[in-house]
Amino acid sequence: MISLIAFLGNVGREYERTRHNAAWIAADRLDICAGISWQHKFRGLYGRFPATVTGGQAVHALKPETYMNLSGEAVGELAQFFKIPPAEILIVHDELELPSAAISLKWSGGLGGHNGLRSVKAALGTADFWRLRIGIGRPGGKKSSSAEHPDIAGYVLSSFSQEEFTLLDTALPKLNPLFTALITERKEPQALLPAWTKILPGISA
């Protein structure tokens with residue numbers, strides 16, 4: 001079962017609506033996060049999901065404030081303190097390889113060039129943790145490559161277009177049933193994979 005959910009992003013007003021902060025935007029939209037009392041701890045914003053929604057089980061939430069490339073420092077510190085194994089950690093992050101506002105639950109695997117995931121892997125000593133990917137698309141479309149659009153950093157650190165943000169805002173409520181299943185019903189994420197491997201914009205979970 002999931003004991004820690006970390007939402008990766010960058011701290012600061014200038015990053016609030018950027019593509020790299022898709023996970024932080026999600027945290028602000030999720031119904032189940034509304035009851036979290038966030039505090040500055042473990043090198044980020046830390047809180048616990050209320051016992052009323054977890055059945056008394058400890059489920060931790062974290063928004064690392066180390067900036068994206070050092071996210072693992074915060075995740076690793078919290079995981080070590082509470083002795084949470086990597087298999088009980090869910091990392092929520094933006095994903096270039098998915099179309100804008102698509103949602104995908106994934107176990108382990110490659111890092112896709114994502115520096116936040118690379119940092120988490122380094123801190124935990126393994127890539128065997130759960131990921132919830134929020135699509136931001138590639139600049140120029142799905143078939144474009146990094147060679148065609150070398151400024152990937154500029155792209156992920158730039159703000160969503162209004163059209164993209166509206167699409168994301170519409171898609172994020174679809175995550176509520178997933179988080180209810182993980183946190184309140186305490187279901188194993190493996191059991192949820194068939195339904196959550198990929199949810200495209202405009203398609204209900």
Side-chain angles (χ1 to χ4, degrees), residues 4-30 32-34 36-49 60-81 86 89-106 110-124 127 129-140 146 149-172 175 179:
L4 165 60
I5 301 177
F7 302 88
L8 303 193
N10 287 311
V11 62
R13 292 182 62 86
E14 66 271 32
Y15 297 111
E16 285 180 356
R17 286 175 63 113
T18 62
R19 296 181 178 91
H20 234 6
N21 272 40
W24 279 31
I25 295 169
D28 292 340
R29 299 293 194 279
L30 286 167
I32 206 163
C33 290
I36 297 175
S37 295
W38 298 97
Q39 58 183 302
H40 290 282
K41 199 173 182 180
F42 299 112
R43 305 191 67 182
L45 284 173
Y46 163 75
R48 288 193 183 193
F49 290 92
H60 308 272
L62 180 68
K63 295 179 181 178
E65 292 185 311
T66 52
Y67 292 101
M68 182 65 79
N69 292 0
L70 298 176
S71 297
E73 296 182 2
V75 173
E77 183 177 323
L78 192 157
Q80 183 176 29
F81 184 85
I89 297 174
L90 175 66
I91 304 295
V92 187
H93 66 92
D94 58 296
E95 178 56 65
L96 277 167
E97 303 305 332
L98 289 174
S100 187
I103 295 164
S104 173
L105 181 66
K106 180 183 178 183
L111 308 178
H114 195 291
N115 288 333
L117 292 180
R118 184 178 291 115
S119 177
V120 171
K121 178 185 176 181
L124 299 179
F129 50 85
W130 288 93
R131 303 97 183 271
L132 181 61
R133 307 182 298 161
I134 301 173
I136 60 172
R138 276 192 170 274
S146 297
H149 296 276
D151 190 20
I152 294 297
Y155 175 74
V156 299
L157 291 174
S158 63
S159 296
F160 286 105
S161 68
Q162 186 56 54
E163 181 181 359
E164 289 171 329
F165 196 83
T166 299
L167 193 63
L168 180 65
D169 218 25
T170 302
L172 290 177
L175 289 173
F179 277 78

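Any value given below was found using the heavy atoms of this structure, including those in side chains, with hydrogens, waters and symmetry copies removed. Sequential numbering from 1 along the given sequence is applied to the chain's residues.
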Taking S158 for its side chain and Y155 for its backbone only, find out whether a donor-acceptor pair lies under 3.5 Å.
yes
Any side-chain heavy-atom pair of S119 and N69 under 4.5 Å:
no
Hey, what do you get for CG (D94) to CD1 (I136), rounding to the nearest 0.5 Å?
4.5 Å
With side-chain contact (heavy atoms from CB on, under 4.5 Å) as the test, would you mind laying out the steps for R43 and T66 before giving the verdict?
CA-CA 6 Å; R43 305 191 67 182; T66 52; 3.9 Å; yes
Just so I know, are the side chains of F129 and L117 near enough to count as touching, which here means a heavy-atom distance under 4.5 Å?
yes
Would you call the rings of H114 and H20 parallel, tilted or perpendicular, where under 30° means parallel and over 60° means perpendicular?
tilted
Closest heavy-atom pair and its distance - E73, A123:
N-CB, 4.5 Å
Gap separating the CZ atom of F179 from the CG atom of L90, nearest 0.5 angstrom
5.5 Å
Drop me the distance from L172's CG to I103's CD1, to the nearest 0.5 angstrom.
6.0 Å
Do Q39 and L45 come within less than 4.5 Å of each other through their side chains, counting heavy atoms only?
no
Sidechain N-carboxylate O distance under 4.0 Å for E95, R131:
no
Contact summary for F7 and L30, nearest pair of heavy atoms:
CE2-CD1, 4.1 Å
What do you reckon, is CD of E14 surrounded by more than 12 foreign heavy atoms closer than 6.0 Å?
yes
Measure from the side-chain N and O atoms of T18 to the backbone N and O of L157, and report whether any donor-acceptor pair falls under 3.5 Å.
no
So I89 and H60, side-chain contact (heavy atoms from CB on, under 4.5 Å) or not? Walk me through it.
CA-CA 9 Å; I89 297 174; H60 308 272; over 6 Å; no
At their closest point, which heavy atom of R138 faces which heavy atom of I152, and how far apart are they?
NH1-CD1, 3.6 Å
Answer yes or no: does atom CD of E16 have more than 12 heavy-atom neighbours from other residues, nucleotides or ligands under 6.0 Å?
yes
Would you mind reporting whether F49 and C33 have side-chain heavy atoms less than 4.5 Å apart?
yes
After noting the C-alpha distance and the side-chain angles of M68 and H93, does the key distance pass the side-chain contact (heavy atoms from CB on, under 4.5 Å) rule?
CA-CA 10 Å; M68 182 65 79; H93 66 92; 5.8 Å; no
Drop me the distance from K41's NZ to E65's CD, to the nearest 0.5 angstrom.
14.5 Å
Testing the basics here: between I134 and A26, what is the closest heavy-atom pair and its distance to 0.1 Å?
CD1-CB, 3.8 Å
Are any non-hydrogen side-chain atoms of R17 and Q162 less than 4.5 angstrom apart?
yes
Please report the C-alpha distance between L111 and V120 in whole Å, then the side-chain angles of each, then the deciding distance to 0.1 Å, and finally whether the side-chain contact (heavy atoms from CB on, under 4.5 Å) criterion is met.
CA-CA 10 Å; L111 308 178; V120 171; over 6 Å; no
Side chain proximity check, T166 to F160, heavy atoms < 4.5 angstrom
no
Taking all non-hydrogen atoms of both residues into account, name the closest pair between R29 and D169 and its distance.
NE-OD1, 2.7 Å
Is there side-chain contact between P64 and L8, with at least one heavy-atom pair below 4.5 Å?
yes
Using modelled atom types and a 3.5 Å cut-off, is there a donor and acceptor pairing between side-chain atoms of N21 and backbone atoms of Y15?
yes
Look up atom CH2 in W130 and atom CD1 in I5, then write down how far apart they are to the nearest 0.5 Å.
13.0 Å
Min side-chain heavy-atom separation L175-V92 under 4.5 Å:
no
Taking all atoms of both residues into account, what is the closest heavy-atom pair of N10 and W24, and its distance?
O-CZ3, 3.7 Å
